[in-house]
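Below: the structure, in structure tokens.
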Amino acid sequence: MIAFKKRICSAICIVVLPCCATFKSLNAEVPLYERVFVYSGTRLDWAALENDNVSIRKFKTEPPSYPLVDLPFSFAMDSVFLPLAISAEIFH
């Protein structure tokens, strides 16, 4: 049973993480002085839900195809990366 749960978790990570807005926004070709670090994936998903093209262009990457599905995963990943994101915002 534990091995089955591990396989399910691994499958979810393999499917969800590559299309996660957090990774897309942090890997975008944006100069450091223009980059948004704090909750960037959540912001990208929210901009996609609101159809805010100005905010989406700021990230210079395409939002996920299903931003409402990706939003909780991006929020979780952004929360994990929050200490690093705050230090990057302060020291860049």
Side-chain angles (χ1 to χ4, degrees):
M1 188 69 174
I2 293 175
F4 178 73
K5 287 181 182 180
K6 286 183 180 181
R7 286 185 182 148
I8 294 293
C9 288
S10 298
I12 290 172
C13 289
I14 289 170
V15 170
V16 172
L17 290 181
C19 63
C20 185
T22 301
F23 293 121
K24 283 185 170 184
S25 62
L26 292 176
N27 289 332
E29 297 291 329
V30 180
L32 282 177
Y33 60 89
E34 293 179 5
R35 188 170 289 194
V36 177
F37 287 104
V38 178
Y39 285 99
S40 60
T42 305
R43 290 179 183 188
L44 180 60
D45 283 334
W46 194 258
L49 287 171
E50 295 286 322
N51 291 327
D52 185 4
N53 290 327
V54 175
S55 295
I56 292 172
R57 274 186 267 138
K58 182 171 49 172
F59 289 102
K60 296 183 181 173
T61 187
E62 289 293 319
S65 302
Y66 302 101
L68 189 60
V69 174
D70 183 59
L71 187 63
F73 297 108
S74 291
F75 183 76
M77 291 306 296
D78 285 333
S79 297
V80 168
F81 290 138
L82 185 62
L84 298 171
I86 289 174
S87 65
E89 283 286 338
I90 291 172
F91 295 114
H92 81 278

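All residue numbers refer to positions in the sequence shown, counting from 1.
Side chain of E89 to main chain of F37: a donor-acceptor pair is present (N/O by atom type, distance under 3.5 Å, no hydrogens or angles). Between the side chain of S87 and the main chain of L84, a donor-acceptor pair closer than 3.5 Å is present. Formation of a donor-acceptor pair under 3.5 Å by the D78 side chain with backbone atoms of T42 is found in this model.
Residues passing the side-chain contact (heavy atoms from CB on, under 4.5 Å) test with V69, sequence neighbours excluded: Y66. Under the side-chain contact (heavy atoms from CB on, under 4.5 Å) criterion, S25 pairs with S40, L44, F59, sequence neighbours left out.
Note that CD1 of I56 is 10.5 Å distant from OG1 of T61, once rounded to the nearest 0.5 Å. The CD atom of E62 lies 7.5 Å from the NZ atom of K24; values are rounded to the nearest 0.5 Å.
Taking every heavy atom of both residues into account, K58 and V30 meet most closely at O-CG2, 4.3 Å. The two residues S74 and A21 make their nearest non-hydrogen contact at OG-N, 3.5 Å.
Proximity of M77 to F73: side-chain heavy atoms (C-beta onward) are nowhere separated by under 4.5 Å.
Other residues sharing the hydrophobic cluster of Y39, ordered by chain and number and joined by side-chain separations under 4.5 Å: V38, F75, L82, I86, I90, F91.
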